[in-house]
Amino acid sequence: MLYSKKVMEHFKNPQNHGKIEDADGIGKVGNPTCGDVMYIYIKVKDKIIEDVKFETFGCVAAIATSSMGTELIKGKTVDEALSLTNKAVAEALEGLPPAKMHCSLLVEQGVKSAIEDYLKKNAF
Ligand code: FES
(Lines give C-alpha, C1' and ligand atoms only; values in the text may rest on other atoms or scores of the structure.)
Protein backbone atom coordinates (compact mmCIF):
# COMPACT_ATOMS: atom_id res chain seq x y z
CA MET A 1 0.00 0.00 0.00
CA LEU A 2 1.36 3.36 -1.02
CA TYR A 3 1.10 6.26 1.38
CA SER A 4 1.92 9.85 0.40
CA LYS A 5 5.10 11.48 1.68
CA LYS A 6 3.00 13.70 3.94
CA VAL A 7 1.24 10.72 5.52
CA MET A 8 4.59 9.10 6.30
CA GLU A 9 5.96 12.37 7.73
CA HIS A 10 3.02 12.66 10.13
CA PHE A 11 3.15 8.98 11.00
CA LYS A 12 6.86 9.09 11.83
CA ASN A 13 6.71 12.45 13.58
CA PRO A 14 3.17 12.95 14.84
CA GLN A 15 2.16 16.43 15.97
CA ASN A 16 0.07 16.92 19.14
CA HIS A 17 0.56 13.39 20.36
CA GLY A 18 -0.22 12.91 24.06
CA LYS A 19 -2.81 13.65 26.68
CA ILE A 20 -4.14 16.85 28.29
CA GLU A 21 -4.71 16.04 31.96
CA ASP A 22 -7.11 18.93 32.63
CA ALA A 23 -8.84 18.84 29.25
CA ASP A 24 -12.07 20.80 28.78
CA GLY A 25 -13.42 18.12 26.45
CA ILE A 26 -12.49 14.50 25.75
CA GLY A 27 -13.62 12.47 22.78
CA LYS A 28 -13.25 8.72 22.49
CA VAL A 29 -14.09 7.00 19.25
CA GLY A 30 -13.39 3.61 17.78
CA ASN A 31 -13.69 1.71 14.58
CA PRO A 32 -15.58 -1.50 15.36
CA THR A 33 -14.24 -3.25 12.26
CA CYS A 34 -10.52 -2.99 12.99
CA GLY A 35 -10.75 -2.27 16.72
CA ASP A 36 -8.66 0.91 16.49
CA VAL A 37 -9.32 3.54 19.15
CA MET A 38 -8.65 7.28 19.31
CA TYR A 39 -8.85 9.82 22.14
CA ILE A 40 -8.96 13.57 21.45
CA TYR A 41 -8.34 16.08 24.25
CA ILE A 42 -9.10 19.79 23.86
CA LYS A 43 -8.41 22.92 25.89
CA VAL A 44 -10.83 25.74 25.04
CA LYS A 45 -10.63 29.41 25.96
CA ASP A 46 -13.07 32.04 24.71
CA LYS A 47 -14.43 29.47 22.23
CA ILE A 48 -10.97 28.96 20.70
CA ILE A 49 -9.26 25.57 20.67
CA GLU A 50 -6.11 26.61 22.50
CA ASP A 51 -4.61 23.16 22.66
CA VAL A 52 -5.42 19.74 21.34
CA LYS A 53 -3.77 16.37 21.79
CA PHE A 54 -4.50 12.85 20.67
CA GLU A 55 -3.78 9.28 21.64
CA THR A 56 -4.41 6.86 18.82
CA PHE A 57 -4.07 3.12 19.03
CA GLY A 58 -4.36 2.31 15.39
CA CYS A 59 -2.93 2.03 11.92
CA VAL A 60 -0.56 4.33 10.00
CA ALA A 61 -3.48 6.25 8.44
CA ALA A 62 -5.24 6.67 11.81
CA ILE A 63 -2.09 8.13 13.38
CA ALA A 64 -1.26 10.42 10.43
CA THR A 65 -4.84 11.72 10.26
CA SER A 66 -4.89 12.32 14.03
CA SER A 67 -1.74 14.37 13.66
CA MET A 68 -3.00 16.39 10.69
CA GLY A 69 -6.57 16.74 12.00
CA THR A 70 -5.40 18.15 15.33
CA GLU A 71 -3.04 20.54 13.50
CA LEU A 72 -5.98 21.78 11.40
CA ILE A 73 -8.18 22.66 14.39
CA LYS A 74 -5.53 24.16 16.68
CA GLY A 75 -6.21 27.87 17.18
CA LYS A 76 -9.59 27.61 15.42
CA THR A 77 -12.98 28.39 16.94
CA VAL A 78 -15.14 25.58 18.26
CA ASP A 79 -17.55 26.14 15.35
CA GLU A 80 -14.76 25.96 12.77
CA ALA A 81 -13.42 22.78 14.38
CA LEU A 82 -16.90 21.23 14.26
CA SER A 83 -16.90 21.56 10.50
CA LEU A 84 -13.65 19.59 10.08
CA THR A 85 -14.20 16.78 7.61
CA ASN A 86 -12.22 13.63 7.04
CA LYS A 87 -11.97 14.65 3.39
CA ALA A 88 -10.20 17.90 4.33
CA VAL A 89 -7.79 15.96 6.53
CA ALA A 90 -7.06 13.45 3.75
CA GLU A 91 -6.52 16.28 1.26
CA ALA A 92 -4.11 18.05 3.62
CA LEU A 93 -2.18 14.77 3.73
CA GLU A 94 -1.99 14.68 -0.06
CA GLY A 95 -4.49 11.87 -0.20
CA LEU A 96 -5.04 8.47 1.35
CA PRO A 97 -5.33 5.10 -0.39
CA PRO A 98 -9.09 4.46 -0.95
CA ALA A 99 -9.01 1.45 1.38
CA LYS A 100 -7.74 3.73 4.13
CA MET A 101 -10.23 6.59 3.76
CA HIS A 102 -12.41 5.14 6.53
CA CYS A 103 -9.52 5.53 8.99
CA SER A 104 -9.69 9.30 8.55
CA LEU A 105 -13.27 9.26 9.84
CA LEU A 106 -11.96 8.60 13.33
CA VAL A 107 -10.37 12.04 13.65
CA GLU A 108 -13.48 13.82 12.36
CA GLN A 109 -15.64 11.89 14.82
CA GLY A 110 -13.09 12.25 17.63
CA VAL A 111 -12.95 16.04 17.28
CA LYS A 112 -16.76 16.27 17.20
CA SER A 113 -17.05 14.02 20.23
CA ALA A 114 -14.48 16.11 22.21
CA ILE A 115 -16.35 19.32 21.34
CA GLU A 116 -19.71 17.79 22.28
CA ASP A 117 -18.20 16.80 25.63
CA TYR A 118 -16.89 20.36 26.10
CA LEU A 119 -20.29 21.88 25.18
CA LYS A 120 -22.11 19.50 27.55
CA LYS A 121 -19.82 20.48 30.43
CA ASN A 122 -20.18 24.16 29.64
CA ALA A 123 -23.91 24.35 29.05
CA PHE A 124 -25.62 27.13 30.91
FE1 FES B 1 -8.32 0.87 11.83
FE2 FES B 1 -7.15 2.31 10.02
S3 FES B 1 -7.31 0.18 10.04
S4 FES B 1 -8.38 2.96 11.65
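Because the structure is predicted, anything quoted here is derived from the model rather than measured. One-based numbering along the sequence shown. Atoms within each ligand, like the ligands themselves, are counted from 1 in listed order.
- Taking a 6.0 Å sphere around OH of Y39, one finds it holds 12 or fewer heavy atoms contributed by other residues, nucleotides or ligands.
- For a distance bound of 2.8 Å, the N, O or S atoms of C103 include one lying that close to atom 2 (Fe) of ligand 1.
- Note on I49: it clusters hydrophobically with L82, by side-chain heavy-atom contacts below 4.5 Å among ILVMFWY residues.
- Ligand 1 places these atoms under 4.0 Å from at least one heavy atom of K100: 2 (Fe), 3 (S).
- Side-chain N or O atoms of N31 include one that pairs as donor or acceptor with a backbone N or O of T33 at under 3.5 Å.
- Counting atoms of ligand 1 from 1 in the listed order, those under 4.0 Å from a heavy atom of C34 are 1 (Fe), 3 (S), 4 (S).
- In summary, the atoms of ligand 1 found under 4.0 Å from a heavy atom of D36, numbered by their order in the structure, are 1 (Fe), 2 (Fe), 3 (S), 4 (S).
- Checked by atom type and distance alone, the side chain of E50 never pairs as donor or acceptor with a backbone atom of I48 at under 3.5 Å.
- Atoms of ligand 1 lying under 4.0 Å from any heavy atom of C59, numbered from 1 in the order shown and given with element: 2 (Fe), 3 (S), 4 (S).
- You'll find the side chain of K28 stays beyond 4.5 Å of the side chain of S113, heavy atoms only.
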